[in-house]
Structures are given as structure tokens and as C-alpha cells.
Undergrad: 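Sharing a structure, written as C-alpha cells. Questions coming.
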Amino acid sequence: MWAISILKHQSDEIKKGAFMNGLSSVFNLLAYIAAAVFVLGFLNKVVLYFKTPSPLKIPTTPAPKTSMGVVVRLIPEVLFFRSLLKGGAAEKILWLGGWVFHVSFLLIILRHLRFFTYPVPGFVMSFQQIGIWAGLVFPLALLILIVRRFLNDRLVTITLFADYFVLGLIITIGLTGLLLKYFARTNLVDVKAFILGLLTLSPVQIPDSPMFLIHFSLVLILLVYFPFSKLMHAWGILISPTRAQVDNPQEVRHVTPWAQ
Amino acid sequence: MADFKVPELTGEIITPKVTLGATSGIKPFPANEELMGKVGFPAKKSADWKVKFLAKMGEILKKYKSVRVFLDICVRCGACTDKCHYYLSTGDPRNMPVYRQELMRSVYRKYFTTSGKLFGNLAAARELSDELLEEWITYFYQCSECRRCSVFCPYGIDTAEITMAAREILDSIGIGSKYNLAIINKAETIGNNLGMGGPALRNTLDFVEEEIQEKTGVDVKLPLDVEGADILLVTPSADFFAEPHIFSLEGYAKVFHQAGVSWTLSSHASEGGNFGMFIGNYDHMKTINGRIWKAARDLKVKRVIAGECGHAWRVLYSFSNTLHGPFDFLDPNYRVPQHICDYTLDLVKKGAIKLDKAANDDFSVTFHDSCNVARASRIGNEPGGQFTIPRELINAACNKFVDMAEETIGERTFCCGGGGGVLTDELIEVRVKGAMPRMQALKRVKDSNGVNFFALICAICKAQFTKIFPYYGIEMEEVGGIHQLVGNAIVLGAKEGV
């Protein structure tokens, strides 16, 4: 009996090994595909926007008279969502949720850089503690962004499936990340080896952790989804003609080939 | 007086509950086949309208970065939802900027994006249909292109750009607005939106000269088509016949007279307004604007000054140089064109003209920032000059001035409710209601400061408010231009020390 048991165990090990190898190949491939779709998709939009002309000067005024002024106008828009702060109470809540969400996302990404670097640079190390706090705040900020869409009849009217989808996707990424950190702990050495393997184009086996695979898969979905969605506001905020144009139509003649 | 409920004046602007279809029945009159043909659009909707629709939309997406980027990047955060005066006064969700845009964005997803093609309804993609077309006709003519939403949008998404594109698409499949296209036709064939020919214009100017002579005893001239004059004044044609507009015309004439400059109007370009912009049609906008610069060349003037008009100023200030520049045949020492308020204030500051404030002591004045001046252009050299220069000029012309609530002026000003090509009788309900936020702000300064003069520098605002003030129980005579105040206060005759 014991011989059979050992044989069965060995066979299970082999099966599992084969399964993990197969799964690894799939995930490594998916990771490359997702990264390629994200980068090429994003660049495609950047080029498309760049090539699409603005025939007329349409800055929302008062607007700066110089390019430097435009930079000065855009910095608080990007860093502090300045225009949102011009609104009323509803926008204050939105601002809080939105700003905390974006900042904590950034901190979390910075913290994650330790999986992408070897040796880990000092600045990445300096984000480790604050990155943990950000990870805890992150789902709360997203919760604000989700709940507000149910509480206000105007938001109920305008919200689309896509809005819930992306909020749900990102909050799930955050929550699975927390589960990985606190409950379904995984072997971080394996995780790092896996990521570095991807980066160095010498793929290794995926970590043996279902929770990690869920977390990782969701991130891949987010990457693929990004360039085809409203998430392109990340680039749009920098080139939106009403904000990025210089108010100098009298001083400098603005010309576009098609509009001659 | 009205077969709809006029909002009550309480001084408060309260965001209403969403009421689906509240203004779904209010549409502009369609242009007939003859008019469509005259302005170069297909006479009527054809069987293959969907093909034409998508071709025009595709063309716009390639030509306008604004439309392409705005359709892509809206996150539906909702910051704009309570910023439109039409939503605030009707509760119709299609008057929330984001939901108005959704009429175009859903079509964009269906025909121009991968996700929309793949996932259809799940991606909120919408197929072209007659029903959708009716919604377009309705709600893209319930937008006054005032850009207030773009101020509050974290990405500056400007519904005016979407509305203009939508109207251009509708025109291209043979569905036009009678009001807008009739005006465009008149401006292009006769020279002004009213269709007033040269002789009629001269008659009017003679009348204004007599009026001034009677009231002041001074012989102030309003020259027309004078070659070699220094200044060409381009003003909205309403200034030639409508009250209170004509009082501002008297004001300009008195200012030029007292400054001792030579100036002229042009019968060829007797219109500052440019409805080509309202319908998002580049060619019409260029054609109408072109009359002004042709007149400036033909009359060999040195400067061009623009009268009190909002969208006219936007086209003149922001677009002229692109459309018909460079203006190297004009005197480079002056702005091309220059706003009349900028010009007059400069004269006041230099002491070249003198204003007697006491002449306006009957008035307690407030100032309404018109959207196209406030959010789509600049007056003078500094950003924000469009807010400070008119106010400085008012303060130079009268003793009692008070601003309305801060969140309703400046870049956050509320539209009059009649701008952007909706100043037509069949849309009176949305016009009256759309003025509500502005009227509430006015109500507050009327109560606190006894305001009885509502100063403006836009012909459409003037026409709109004189029409809708009575609905709210306010005398239409309380509406007037800044140069009406200037005209009252200006000291005519021999200058001191000269």
C-alpha cells in the first residue's frame, strides 16, 4: 500500500509540476501581451492626439499668454485637480476620493518597484512604509468614488457600466493586494524572481499562489483596458486644448494646414 | 404670458432633481430646402443619411483635436452635472453637459472605437436611429455653447465644441436650424444678420445723429463707408435698430467724436456677429469674418475696433488672425482688433474724454459677464482683462456699482440663456428658464442694493434679457450696454485746457 501511495504522490507532483509549467508559460505570455497592448495602445493614442490638429485657438479664458504660463496652469490641474476645487460640496467629496485614490495609487506603484529592481534603489526603499499606508487608504478612497455614484440622482443617471467596471477592477486589485500582504501571504522571493524574469526576458515559473495570480491577472486586465478607455484622461489632461493652449491669438498667428 | 412655469425669483439657485424628458419637446424650427441650399447644405435628409452622418463625424474627428480628445477622456465624474443653466432650470438630464455629450459619445463608441464595436450595449454604444437624431436636434440646440461646464471640468472638456460638431453633422445630412441658417445667409449676402442694406443703414445712422443732436445739441456724426478713416468700427447689427442696443451705438459715436478721431462703419461689414461659429461650420465662419477684413482693406483704415458683442468678440479676438491674418496692413501699435471697452477706458485714463458720473446717478448698476467674453477671449493685455476693464469703465461712468455673487460672475458667469444660436422664439421656454440662475443672482443685488441697471457688452444678452425680463416681472428698460452709461456720462463739447 505504501508503495502505491508514494507512486501516487510522485505522480501528483509531476502533474502539478507540468501544470505549473503550463500555467507559467500562459502567464508569462499574457504578461508580455498585456504590456505590449498597454504601451502600443497608449502610444497609438498619444500619436493620434498629436496628429489631430486644433484649427482654432480655444483656451478657456482667462488663460496664460505664454507656454511657460500653460505649464504653470497645468501643474496644479495635474497635481491637485484644481478645477474640481472650483465646484460645490459634491465636488469636494469627489476631490477627496479622487485625489486620495490617485496619490495612494502612485505610492503603491512606487512601493511595488522593489519587485522590479535589483538591487532596490534607495528611493524605492523610502516608499515602503508610506506605500503600506497608501495600500490601506486606497480601497477606502475607491469606496467613496463608488458609493457616491449611487447616492446622487445625477450621477446615477450618467454612470455607465464601464465606470463601475473600472472602479470594481481597481478596488479588487487593491483588496487582493492587501490579502496578499496580510492573509494569503506569498513567497516574495518567488514573486520578485518572476517579475525580474519577465523584465529580463528570461521567464521563470510563476509563484505558487492563487491569490497572487488573481492579483496579477487583474493588473494585466487593467493594462489592456487602459488605452481603450476613459483612463486615457491620464494623457488627455496634459493636451486638452482648452487648458493647454496659449492665449495669444493676436500676437501669434495660429495656423493649421487644413484650415487655410 | 407664458404657457410654461416661469421660475420663481427667490435669489437661490437650487439644483433640481433629475426629470427625464423635461424639455424633450422643445426643438428649433428646421430650415426649409431652399434655405439649406442657399447656405450650401443638402436640401433635406436622404435615405443614406447614416453614411453621410458617419462620414462627417469621421472627418471632424480627424480635424478637431478637441472633439477627439473630449470624446475619449471624459470620466463621467459628474462635476459638470449641476453647472449648466439649462439643467439647473429644467432638471432635464440631457442638459447636464456630460449627458448632452453622451448623445455623441455613444455614437462615437459604436462606430469609432474598438470597445464599442466589440461590446455594443455593454460599452454604452448606440446605433444611429431616427430617435437618436431627434434627441440630437433637441438637445444640441438647448446648449448655448457658453463653456461654463469647461471651467469646472478637471480636463477642461468643453461641451461647446461637441455641440458645434453635432450641429455641423446635422447640417451635413440636411437638418439645419432655420434661425441660424437664415442669419448666416443674410450676413453673407447682405452684410449683416438683419439683412439691412446700405441705404437703410444710412437712414438709421441719420436717425441716431438726429437723436444725439436733439438730446445734447452736439453735432455727432456716424460715418458710413468713409475711405481713409482711421478706425473701422465693427459692431453687432442689433446696435443699428434695437433698444437698448442703439443707445450703446450713440455711446460709441460720442466717444469717437469727443476723442476727435476719424472713424467709420462699413455697409459691407455691418455685422460683428458670426453665426458660422454657432453651427460649428468653419467655412461660413471664415466667409462672414472675411467681410470685415475686406472692408478694413477697402476703406484703408488703420485700426479695427469691435463693439459690444460677445461671440463676435470671440471670433474677432480668438479666430480672426487664424482666419484672415496677418493684419500687417493695419497699425501695429494697436491691438487687432481692439475691444471698444479697452479703447474707451484708455481714453478715460489718458484724460482724452471726461465722464460725469453724476449723469448716471439714477442708476444702481451691476455687470453681467457674457460667456464668450468671459471664457473664450480676453480684453486688453492681461489675462482677466475681460473682467476688470468693463468694470473699471462702468465705475468711471457711474457712482453706484455692485457685483453679483462671486460664483455667478467672472469665469463662473451664468449664460443669459439665449446665446449660441438659441435666440429664437420657438425656444422661448428654455430661454426663459435658462436665464434663471442669472436672474436669481440679479434678484439678490436688486434686493440688497436696489440695482436697476443691468449692464452688458453682448448683443445677444441684450436681446435675450429685454425679452425675458418681463417674464420675471422686471422692466426691460433695466437692460443696457456699458456704452449707454458712457454715452450718458460723457462730457461733450470743447475740452478743458484745449
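Keep in mind that this is a model prediction, so the values were computed, not measured. Basis for what follows: all heavy atoms, side chains included, without hydrogens, waters or symmetry-related copies. Per chain, numbering begins at 1; letters A, B, ... match sequence-line order.
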Undergrad: Report which part of A:Phe81 has an atom under 4.5 Å of a heavy atom belonging to chain B: side chain, backbone, both, or neither.
TA: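 Neither part, no heavy atoms under 4.5 Å.
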Undergrad: Find the one option among B:Met96, B:Lys286, B:Lys63 whose heavy-atom pairs under 4.5 Å with chain A are most numerous.
TA: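 So the answer, after comparing B:Met96, B:Lys286, B:Lys63, is B:Lys63.
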Undergrad: Chain B heavy atoms under 4.5 Å from A:Arg82: which part of the residue, side chain, backbone, both or neither?
TA: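 When you check distances to chain B, no heavy atom of A:Arg82 falls under 4.5 Å.
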Undergrad: Out of B:Ala160, B:Pro337, B:Pro93, B:Ala124, which one racks up the most heavy-atom pairs below 4.5 Å with chain A?
TA: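 Highest number of pairs under 4.5 Å: B:Pro337.
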Undergrad: Spell out the residues in residues 67-80 of chain B that have some non-hydrogen atom less than 4.5 Å away from a non-hydrogen atom of chain A, in order of number; otherwise answer 'none'.
TA: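 So far as heavy atoms go, B:Arg68, B:Val69, B:Phe70, B:Asp72, B:Ile73, B:Cys74, B:Val75, B:Arg76, B:Cys77, B:Gly78, B:Ala79 are the residues that approach chain A to under 4.5 Å.
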Undergrad: Give a yes or no on whether the backbone of B:Tyr155 and the side-chain of A:Ser240 come within a donor-acceptor separation of less than 3.5 Å.
TA: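 Here the side-chain-to-backbone pair exists.
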Undergrad: Between A:Lys51 and chain B, which part of the residue has a heavy atom less than 4.5 Å away: side chain, backbone, both or neither?
TA: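 Contact with chain B involves no heavy atom of A:Lys51 at all.
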Undergrad: Please classify the contact between A:Thr256 and chain B as side chain, backbone, both or neither, with a heavy-atom cut-off of under 4.5 Å.
TA: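 Neither part.
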Undergrad: At a heavy-atom separation under 4.5 Å, does B:Tyr282 approach chain A through its side chain, its backbone, both, or neither?
TA: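 The answer is the side chain of B:Tyr282.
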Undergrad: Is a side-chain donor or acceptor of A:Thr61 paired with a backbone partner of B:Ala374 at a separation under 3.5 angstrom?
TA: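 Checking the backbone N and O of B:Ala374 against the side chain of A:Thr61, a donor-acceptor pair under 3.5 Å is found.
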Undergrad: Would you mind checking which part of A:Val78 comes under 4.5 Å of any heavy atom in chain B, side chain (CB onward), backbone (N, CA, C, O), both or neither?
TA: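 Nothing of A:Val78, per the 4.5 Å heavy-atom cut-off to chain B.
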Undergrad: Can you say whether A:Pro59 sits under 4.5 Å from chain B via the side chain, the backbone, both, or neither, judging by heavy atoms?
TA: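 It is the backbone, since no side chain atom gets that close.
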Undergrad: Would you check if A:Leu155 and B:Thr81 make a side-chain contact, meaning some heavy-atom pair closer than 4.5 Å?
TA: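 No, every pair of side-chain atoms sits at 4.5 Å or beyond.
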Undergrad: Nearest heavy-atom pair of A:Pro249 and B:Ser318: which atoms, and what distance?
TA: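 Closest pair (atom of A:Pro249, atom of B:Ser318, distance): CB-O, 3.4 Å.
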Undergrad: Looking at B:Lys17, is its backbone amide N or carbonyl O close enough to the side chain of A:Asp153 to form a donor-acceptor pair, meaning the two atoms are under 3.5 Å apart?
TA: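 Checking the backbone N and O of B:Lys17 against the side chain of A:Asp153, no donor-acceptor pair under 3.5 Å is found.
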Undergrad: So with a 6.0 Å cut-off around OH of A:Tyr164, is the heavy-atom count from everything else above 12?
TA: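 Enclosed.
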Undergrad: Are the side chains of B:Lys62 and A:Thr52 in contact, using a 4.5 Å heavy-atom criterion?
TA: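 When only atoms from C-beta onward are counted, B:Lys62 and A:Thr52 do not touch, as no gap falls below 4.5 Å.
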Undergrad: Run B:Glu411 and A:Lys86 through salt bridge (charged side-chain N to carboxylate O under 4.0 Å, His left out) and show every step you take.
TA: CA-CA 10 Å; B:Glu411 68 170 358; A:Lys86 292 177 183 173; 3.0 Å; yes
Undergrad: With a 4.5 Å limit on heavy-atom distance, are the side chains of A:Glu251 and B:Arg335 in contact?
TA: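 Touching, per the 4.5 Å side-chain cut-off.
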Undergrad: Taking it one step at a time, do A:Thr60 and B:Ser150 satisfy side-chain hydrogen bond (donor to acceptor under 3.5 Å, both in side chains)?
TA: CA-CA 7 Å; A:Thr60 310; B:Ser150 84; 3.2 Å; yes
Undergrad: Tell me, do A:Lys57 and B:Asn321 make a side-chain contact under 4.5 Å, heavy atoms counted?
TA: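 A:Lys57 vs B:Asn321: side chains apart.
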Undergrad: Over all heavy atoms of both residues, which pair between B:Pro383 and A:Lys65 is shortest? Give the atoms and the distance, please.
TA: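 In terms of heavy atoms, the two residues are closest at CD-CD, 3.6 Å.
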Undergrad: Side chain from CB out, backbone as N, CA, C, O: work out which of these in A:Arg253 comes under 4.5 Å of a heavy atom of chain B, or both, or neither.
TA: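 Interface part for A:Arg253: both.
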Undergrad: Among residues 110-117 of chain B, which residues come closer than 4.5 Å to chain A, judged by heavy atom distances?
TA: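 When heavy atoms of chain A are the reference, residues 110-117 of chain B contributes B:Thr114, B:Ser115 within the under-4.5 Å range.
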Undergrad: Report which part of A:Ala90 has an atom under 4.5 Å of a heavy atom belonging to chain B: side chain, backbone, both, or neither.
TA: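 A:Ala90 has no heavy atom closer than 4.5 Å to chain B.
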Undergrad: Which atoms of B:Ser377 are under 4.5 Å from chain A, going by heavy atoms: the side chain, the backbone, both sets, or neither?
TA: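 For B:Ser377, the backbone is the part near chain A, not the side chain.
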Undergrad: Is the distance between the ring centroids of B:Tyr64 and A:Trp258 under 6.0 Å?
TA: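 Yes, they do, as the ring centres are separated by less than 6.0 Å.
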Undergrad: Please determine, among A:Val156, A:Asp163, A:Leu145, the option with the most heavy-atom pairs under 4.5 Å with chain B.
TA: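 Of the options given, most contacts go to A:Asp163.
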